[in-house]
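These numbers come from a predicted model, not from an experiment.
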There are 2 protein chains.
Amino acid sequence: MIDLDTLLADLRRRNPSARITAQRRLVLEALLSDIKGHHTCEDVTRMVQARGVTLDQSTVYRILQWLKAYGVVSQTDLGMGSDVYCLVAGEPHHHLICLACGAIIDVDDTIFASLRRTLKLAYRFDPRIEHFAIFGTCEKCKPHDDEDEHLNDMS
Amino acid sequence: MIDLDTLLADLRRRNPSARITAQRRLVLEALLSDIKGHHTCEDVTRMVQARGVTLDQSTVYRILQWLKAYGVVSQTDLGMGSDVYCLVAGEPHHHLICLACGAIIDVDDTIFASLRRTLKLAYRFDPRIEHFAIFGTCEKCKPHDDEDEHLNDMS
DNA sequence: ACTTCTATTGTAAGCATTTGCAACAGCAGA
DNA sequence: TCTGCTGTTGCAAATGCTTACAATAGAAGT
Ligand SMILES: [Mn+2]
Ligand SMILES: [Mn+2]
Ligand SMILES: [Zn+2]
Ligand SMILES: [Zn+2]
């Protein structure tokens, strides 16, 4: 589907002073090896290091930010300690996350069709809605009228 | 508009084992003193400490999370280093943030009307969309066909 | 008032992520 | 192939936020 060298060439075309380093190549290879996955920075670092290469995690953080700036990866806080990064490819998907039970519901990009249209037409704003997390309460956890309404009391 | 003691009483009603501490009272007073503002945790801590009281910042972080769990405050990453917290009161507002020039455009809650409806009807999910930041490209920064398309290259 | 129970706090340490800086390494040009 | 420029890296330190734990203090009951 997506080819490493095409991706790298495209990134260079868009910024000719950018350099194709071994580290950038390795990070992209790791992401491409699980093209649908949610990857933490630590995941990516470990995937690369598993191949025997040494690579500092701060470098991976920098490379992920760089790829994000070019729209190649998305960064999402799913509420699990560390942010997850995904390759941006094909139809985007998103997640609904229940604050009460932790359930993660996958939703496809059509839920944002109207919001996208409004932002484009009324605000001439081009939003980057590539992999969103929306927090709230799922059906199972819907509070009944006589019940406590707080979610996940952080004591 | 919103009264400190009413708020505290309501929080206790919803969780009778919660305790009304001096620290919680002080944090809420600080937030109520600038009811429309975006406050970082550090802001709140300083506002309280300016009154001569000693209060640890980790306690403020905990109290803000606690208030958020009850829907009393929202927490938002506006891309400025630290998250900002707002009292949830009245009509919500949101922000569009340009990745290219940093412009922050205020938008009102109506942009989410359709998304809210879809989530409620099709997914029976009750979203907490209290103070969102949507990143993207503003009108001024819209990339022309022959131009570089990357945003904010993180060197 | 006093006791008891346990939620909350302060402190210090930990975790996730960013950043300053000097060494390194792409890559364009000679 | 060598040189020079400067973008990138590794390292260590800093920043924003969270958490374990022992001490403190709400508040309910007496
Ligand atoms: Mn984050
Ligand atoms: Mn996902
Ligand atoms: Zn749920
Ligand atoms: Zn702009």
Side-chain angles (χ1 to χ4, degrees), chain A residues 5 8-9 11-28 38-46 48-49 53-70 73-85 133 148 150 152-155, chain B residues 5 8-9 11-28 38-46 48-49 53-70 73-85 133 148 150 152-155:
Chain A
D5 290 308
L8 288 168
L11 286 163
R12 278 219 80 203
R13 188 182 49 70
R14 291 163 67 187
N15 178 359
S17 69
R19 292 179 189 169
I20 307 309
T21 63
Q23 291 87 342
R24 285 178 174 177
R25 187 177 294 274
L26 288 161
V27 166
L28 273 172
H38 292 166
H39 309 276
T40 66
C41 180
E42 204 187 358
D43 288 342
V44 175
T45 306
R46 264 207 278 271
V48 171
Q49 288 174 346
V53 193
T54 53
L55 170 58
D56 194 86
Q57 191 160 357
S58 71
T59 300
V60 180
Y61 273 113
R62 277 186 287 227
I63 292 174
L64 290 170
Q65 286 307 120
W66 177 69
L67 293 171
K68 183 182 158 193
Y70 283 93
V73 307
S74 60
Q75 177 182 12
T76 310
D77 177 4
L78 295 176
M80 330 210 44
S82 341
D83 285 357
V84 297
Y85 298 83
D148 195 333
H150 81 93
N152 250 348
D153 188 348
M154 311 279 140
S155 90
Chain B
D5 291 307
L8 288 168
L11 286 162
R12 277 220 81 202
R13 187 182 49 71
R14 291 164 67 188
N15 180 0
S17 70
R19 292 179 189 172
I20 306 309
T21 63
Q23 290 88 340
R24 286 178 174 177
R25 188 177 293 275
L26 287 160
V27 165
L28 274 172
H38 292 166
H39 309 276
T40 66
C41 180
E42 206 186 355
D43 288 342
V44 174
T45 307
R46 265 207 277 272
V48 172
Q49 287 174 344
V53 193
T54 54
L55 170 59
D56 195 85
Q57 190 160 356
S58 72
T59 301
V60 179
Y61 273 114
R62 278 187 288 225
I63 292 173
L64 290 170
Q65 286 306 121
W66 177 67
L67 293 171
K68 183 182 157 196
Y70 284 92
V73 305
S74 60
Q75 176 181 12
T76 311
D77 177 4
L78 295 175
M80 328 209 44
S82 342
D83 285 356
V84 296
Y85 299 82
D148 194 332
H150 81 93
N152 252 348
D153 187 348
M154 312 280 142
S155 96

* To do: For a side-chain contact (heavy atoms from CB on, under 4.5 Å) with Val60(A), tell me which candidate from Val27(A), Thr40(A), Asp43(A), Val48(A) qualifies.
  => Val27(A)

Send over the distance from [X] [atom1] to [N] [atom2], rounded to a whole Å.
| X | N | atom1 | atom2 | answer |
| --- | --- | --- | --- | --- |
| Asp43(A) | dC15(C) | CG | P | 17 Å |
| Tyr85(A) | dT17(C) | OH | P | 6 Å |
| Glu42(B) | dC17(D) | CD | C1' | 12 Å |
| Tyr61(B) | dG16(D) | OH | P | 7 Å |
| Leu11(B) | dG26(D) | CG | P | 17 Å |
| Ile63(A) | dT17(C) | CD1 | C1' | 15 Å |
| Trp66(B) | dA7(C) | CH2 | C1' | 11 Å |
| Asp56(B) | dC17(D) | CG | P | 14 Å |

* Structure fact -> Between the CG atom in Asp83(A) and the OH atom in Tyr61(A), the distance rounded to the nearest 0.5 Å is 8.0 Å

* Structure fact -> In this structure, CG of Leu11(A) is separated from CZ of Arg13(A) (nearest 0.5 Å) by 9.0 Å

Tell me, do [X] and [Y] make a side-chain contact under 4.5 Å, heavy atoms counted?
| X | Y | value |
| --- | --- | --- |
| Leu67(B) | Tyr85(B) | no |
| Asp5(B) | Arg25(B) | yes |
| Arg12(B) | Ile20(B) | yes |
| Thr59(B) | Leu26(B) | no |
| Gln75(B) | Leu64(B) | no |

* Structure fact -> Taking dT9(D), dC21(D), dT17(C) as options, the one with an atom nearest any side-chain atom of Arg62(B) is dC21(D)

* nucleotides 25-30 of chain C: protein proximity per nucleotide (B base, S sugar-phosphate only, - neither; heavy atom, under 4.0 Å) -> BBSS--

* 5'-most contact on DNA chain D: Ser58(A) or Ser17(A), nearest heavy atom basis? -> Ser17(A)

* Side chain of Arg24(B), backbone of Arg19(B): donor and acceptor closer than 3.5 Å? -> yes

* Axis bend over the full length of the helix from dA1(C)-dT30(D) to dA30(C)-dT1(D), computed from five pairs that close each end, to 10 degrees -> 30°

